[in-house]
2 protein chains.
Amino acid sequence: MKKITIGEAARRSGVKVPTVRYYESICLLAAPSRSEGNQRSFEPADISRLAFIRHARELGFEIEAIRTLLTLQDDPHQSCASADAIAKARLIEVEQRIRSLMALKAELETMVEGCGHGRVDQCRVIEVLADHGQCTHAHH
Amino acid sequence: MKKITIGEAARRSGVKVPTVRYYESICLLAAPSRSEGNQRSFEPADISRLAFIRHARELGFEIEAIRTLLTLQDDPHQSCASADAIAKARLIEVEQRIRSLMALKAELETMVEGCGHGRVDQCRVIEVLADHGQCTHAHH
DNA sequence: CTACATCCTCTAGCGACTAGAGGTGCAAGA
DNA sequence: TCTTGCACCTCTAGTCGCTAGAGGATGTAG
């Protein structure tokens, strides 16, 4: 068999080497077999799992959510209701975060536009921060 | 004089009690005077400063950026160019984050829509996570 | 055989708090 | 005056998801 080193696994999955070891340490990835000299030797399935984790992390899923998703993936006969629920929850989070960021964006734009590039005592950036009541865009 | 306790300061500024102590510990807030019994006694100016910090944190500014903004606020004769630069940088960050979250939202929607609520082996949520190539929306 | 890259384990650090232990201060009611 | 009970104090350690570095072993190419 080909032996996949941790560096190779990292390169193929897009997960960094220390992160691979970290995932093993928190049991998100099964401990792989070792070479004579105690070096990790991964299987192709490990690469897929790492890619799965990486993609899920990119989508902002938390490690515990990913743990659940991986458990589901490991047993394909289960109902996918949990997976669906996790994805939906994440979608709602993302939508909320976008709304909140849009509000921040508007507020930052007002601040930046209002800045006359003069001295601090006329600066709208400082002023708005000092007094939330001056915000044209209330949030939350 | 009225003595403002830490609890009162927290309530008025919207910053939690332990967080106020934390801000003091990292010198974002000057150490207030103490009562006979060693309890903190804040001034109205401290409340304003805490509110400033809180608002800036809500806008996503990092502590070090806030430290700079506070230094500027403390000396109103300085040019506000730094404040402007900090706000602009933050605006660019926020815009980037919004774009990235919109891409994630699209991907999550595809996943959730594709889920037939059956078993895991037909679940699009799991499938898409397992194989990034299936994403209809490439990001980054 | 000698470089040199890559691997190993282990501990500590990041940011911005948050939680908890174990103890003290203080104001109000009985 | 005493007691109840909340708010305060300091200190340490934990959170999340890694990341960095020390100090050493292994593996490979020339």
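Being a predicted model, the structure only gives us computed values, none of them experimental. In what follows, chains carry the letters A, B, and so on, assigned in the order in which the sequence lines appear, proteins first and then strands, with residues in each chain numbered from 1. Heavy atoms only: backbone and side chains are in, while hydrogens, waters and symmetry mates are out.
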(request) Determine, stepwise, if the pair B:Arg21 / B:Glu24 fulfils salt bridge (charged side-chain N to carboxylate O under 4.0 Å, His left out). (result) CA-CA 5 Å; B:Arg21 285 196 278 253; B:Glu24 183 189 325; over 6 Å; no
(message) Before you tell me yes or no, could you show the steps for B:Glu58 and A:Leu104 under side-chain contact (heavy atoms from CB on, under 4.5 Å), namely the whole-Å CA-CA distance, both residues' side-chain angles and the distance that decides it to 0.1 Å?
(response) CA-CA 8 Å; B:Glu58 278 174 4; A:Leu104 299 194; 5.7 Å; no
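Considering all non-hydrogen atoms of both residues, B:Ser41 and B:Lys3 come closest at OG-CB, 3.6 Å.
Distance CZ (A:Arg11) to P (C:dC7): 11 Å, rounded to an integer number of Å. Following rounding to the nearest Å, B:Arg54 (CZ) and C:dA16 (C1') show an atom-to-atom distance of 16 Å. Residue A:Glu36 contributes atom CD, which lies 15 Å from atom P of C:dC8 at whole-angstrom precision.
Taking the side chain as every heavy atom from C-beta outward, B:Ile63 and B:Arg57 approach each other to under 4.5 Å.
OP1 or OP2 of D:dT26 has not a single side-chain nitrogen or oxygen of A:Ser35 nearer than 4.0 Å. Phosphate contact (OP1/OP2 of D:dT26, side-chain N/O of A:Lys3, threshold under 4.0 Å): absent.
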(request) Using a 4.0 Å cut-off on protein heavy atoms (strictly under), produce a 5'-to-3' string for nucleotides 1-22 of chain D with B for base contact, S for backbone-only sugar-phosphate contact, and - for none. (result) -------SSB------BBS---
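B:Glu109 CD: more than 12 foreign heavy atoms inside a 6.0 Å radius.
With salt bridges taken as basic N to acidic carboxylate O contacts below 4.0 Å, none links B:Arg97 and B:Glu93.
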